[in-house]
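Inspection log for the structure reproduced underneath, given as structure tokens.
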Amino acid sequence: MAQIKDSTSSIFTQTIKGIVTVKSSGLALAGVTVKLTSADQVRATSTNTNGSFHLTRVPVGRQILEISYTGFQTVVVSDVLVTTGKETEVNIELEPQSKQLKEVVVNATAGKRPLNSMSMASGRSFSPEETNRYAGGFFDPARMAQSFAGVVAGGDNNEIVVRGNSPKSLQWRLEGIEIINPNHFSNEGAAGGSISMINSTVLGTSDFYTGALPAEYNNATSGVFDLKFRKGNTDKREYSFSIGILGLGMTLEGPFKKGGSASYLISYRYSSLGLLQNAGLLGSLNGVPKYQDLSYNFVFPTKSAGTFSVFGIGGLNNLNITAKRDYTQWNERKDASDISNKNGAASTGFKHVYIANSKLYFSNIISYNKEHSTGLTDTLTRDYQSGLKQNEHYDNTAIRYAGTLNYKPNNTNSIRAGVNVGFLSYNLYDLEYKKEVNRLQEILNQTGNAETFDAFAENKHDFNNGLTLNTGIHANYFNLSKSWSLEPRIGLNYQLPADQQLSFAAGSYSRLESLSYYFAKNTNTAGVVNSELEPTKSAQVVLGYEKLFSGLLKFKSEVYYQYLYNVPVSSDPANNFSLLNVLDNTNIGSADYTALVNKGTGKNYGVELSLEKSLSKGYYFIFTTSVFDSKFKALNGQEFNTAFDSRFVGNIVAGKEWAVSKDKKNLFGLNGKLIYAGGRKYSPINLSESLRLDEQVIDQSKINTLTADPYIRMDFSASYRINNKKVAHYLLLDIQNIMNRKNNIGLFYNPSKRIIEKQEWLGIIPALTYRIEF
């Protein structure tokens, strides 16, 4: 039903709707009571045979829902945002009530338990509204996660360091299957970038993990974003248009036909600066970043064959810099270079979910993933003749399959098993000018195919006394190295009185490195040097405790230890290169790059504390701190700090919103975030060798023995949400690094000036966004 104005007052109202299902089976529940407890008068409705409910004429603003059903835990959702521009959807999964425990009321807002019921530790859920709310978030899940315990901001971009691991180790998943790196302006092999391709308006509640994953997760040794798209509105067509510094975008959703259950959800965005330049409004401005992205989710429920869906995400970006044809204005070598960088990436999937009965359901997903990037750099002479300096292109394609079966034989056991298959193809090329040989040299030129196969099985057992045990096994085979990996995993939750919980999880994990490291050549050889590299492996253990207080306040602590082995390191004992220290594949072009062998190790251990008050009564806050140590060993066995061993990070995130205007129908919000992290580790520079080779060369005997200045950043945002009849407006000013502190990550060799300088981040990044919904 469309938004209406209440006939007896000036209060604007809207509809809250959703579906209630059983968490273990996905089966819809009929007859569930859904109460609106925050209104002046408590109102209630019940779910129909499809598990769906509609609460109409709900006042706009923040509302509280209570969902209850005999034999199941009662769930309370306390921060439901209701606006006039679109109907509010709240989907709830209920869990059976343990026979040995008293009636339990679960606050979904404060608990933030992972959607995946097999997860026992180191995980949490987050809502798309949280992604929008946190200062400096830019509607980006990765930037939002910088506020979580165990996470350190990788810098002013959206890369994140999870428990001392390199940001490249982060895995992105969508709808249950691994996808491409969903970020613009990222390097080959990276997991982050400058701007997210993901529009938070299409996200549903999703999961984020910092380690100790259950058996179903493959190719992951660090953090995991397990993203879910929401379904489009099945009752009415809704539209959203936005304009801001980050881009001009639109989101469309609705049923394919009136009265049908199939729906579409499409979101598209184009960079604002790119549009202005295309219109000729930026004049001769050079180096304008251009990007565009698309997200979609088409859902087709059937009466007897299950639910089919087609989902995807993709983006294109390019950055072209043309050197001024006036050498008197060249201050650095890059000023005399024509640079062209283009990137494109996409993942699209076809998913089928079939619920056979209350005990059995399964899903099948097939996805196609494509990443393509090119880079061309020409240097100019003083008479403006160009000479090739670098020409590179990377084409990576992956066809993936994920099949999962879920079986619940009785009330105390839940079994999940499945397979994952990846068919990889690659076309990798990199030609660079090398000073040591005074000519262009091919450092990468490889095409081919590879396959990876995974299988898993796990069982969660509820002992009906507050104790839950998950045991599982994961197996992996990678055909390039002909290597097997058998990975046992275990997780334990013990529910204590007074809303307390102990958790334990342990397991073995593995992850493939960027394929460019498998085929790169070094300066002194013409052959492929690493084609039989095996995946990096990690053994992890986590012990946690959490306590829920009244007022939606939650305290959580975790202690962890990770031992990494089979790590690719330099085959030269005098060279302490390790893939645990890199962000992407750029090291393959360095003069000291050599063949790699799986003989390196590493370790990460630390303690994390968090105190989080979820949004209620108009305010929220999060205090997190992590103290950790991160070490590695290369071939010679000497132990060093990793580059990401900042030792300490503390975050303070807080916000307050007020109901404003005469009838309190609008919302004004202020949000802030403070990050204080120890400085990154970096290595002394061998200046004489750097001068000779015309590139940075570090002192291999003193790897990561120096510490950069602490990373300190303050973010701020202010928002105003206006509810008019049938239309809602949203205005957001979001400023990252409002104090304009130019954090540095140590010293680097500048080949243009032939000196050593500080390497600094950009400083202040403001973003203004206006969105209209109807």
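We number each residue from 1, following the sequence as shown. This one's a predicted model, so the numbers in the text were calculated from it and none came from an experiment. Because only heavy atoms are used, hydrogens play no part in the values below, and waters and symmetry mates are left out as well, while side chains stay in.
Take Lys554 and apply the salt bridge (charged side-chain N to carboxylate O under 4.0 Å, His left out) test, not counting sequence neighbours, and it matches Glu546. Applying the side chain to side chain donor-acceptor pair (under 3.5 Å) test to Asn317 and every residue at least two apart in sequence or in another chain returns His184, Asn343. By the salt bridge (charged side-chain N to carboxylate O under 4.0 Å, His left out) test, Arg143 pairs with Asp140, sequence neighbours left out. Residues meeting the ring pair (Phe, Tyr, Trp, His ring centres under 6.0 Å) test with Tyr730, sequence neighbours left out: none. Tyr209 meets the ring pair (Phe, Tyr, Trp, His ring centres under 6.0 Å) test with Tyr217; sequence neighbours excluded. Taking the side chain to side chain donor-acceptor pair (under 3.5 Å) definition, one finds that Asn651 meets it with Thr624, sequence neighbours left out. Every residue was checked against the side chain to side chain donor-acceptor pair (under 3.5 Å) condition with Thr234, not counting sequence neighbours, and none meets it.
Screening residues 242-268 for salt bridge (Lys or Arg N to Asp or Glu O under 4.0 Å), with sequence neighbours left out, gives Lys86-Glu253, Arg230-Glu253. Among residue pairs with one or both ends in residues 254-280, those qualifying as ring-ring contact (aromatic ring centres under 6.0 Å, His included) are Phe256-Tyr264, Phe256-Phe300; sequence neighbours excluded. Among residues at least two apart or in separate chains, there is no salt bridge (Lys or Arg N to Asp or Glu O under 4.0 Å) pair with a member in residues 21-39. Sorted by first then second residue, the salt bridge (Lys or Arg N to Asp or Glu O under 4.0 Å) pairs that include residues 264-283, not counting sequence neighbours, are Arg269-Asp293. Judged as a side chain to side chain donor-acceptor pair (under 3.5 Å), the pairs with a partner in residues 40-51 (not counting sequence neighbours) are, in order, Asn48-Ser52.
Under the 3.5 Å distance criterion, with hydrogens and angles disregarded, no donor-acceptor pair is assigned to the side chains of Ser295 and Asn297. Judged purely by distance below 3.5 Å, without hydrogens or angles, the side chains of Ser68 and Thr74 never pair a donor atom with an acceptor atom. Judged purely by distance below 3.5 Å, without hydrogens or angles, the side chains of Ser367 and Asn369 pair a donor atom with an acceptor atom. A donor and an acceptor atom, one from each side chain of Thr251 and Thr201, are located under 3.5 Å apart. A donor-acceptor contact under 3.5 angstrom links the side chains of Ser186 and Asn181, judged on distance only. Asn157 and Ser194 are not linked by any side-chain donor-acceptor pair at a separation below 3.5 angstrom, with hydrogens and angles left out of the test.
The cationic group of Lys613 lies under 6.0 Å from the six-membered ring centre of Tyr619 and within 45° of the ring axis, placing it in a cation-pi geometry.
Between Lys228 and Glu93, none of the side-chain N atoms (NZ, or NE/NH1/NH2) sits under 4.0 Å from a carboxylate O, so this pair counts as no salt bridge.
Partner Trp172 forms a side chain to side chain contact (heavy atoms under 4.5 Å, CB included) with one of Asn183, Val224, Asp226 and no other, that one being Asn183.
For the pair Arg721 and Leu81, the minimum side-chain heavy-atom distance is below 4.5 Å.
Ring pair Tyr770/His729 is parallel by interplanar angle, where below 30° counts as parallel and above 60° as perpendicular.
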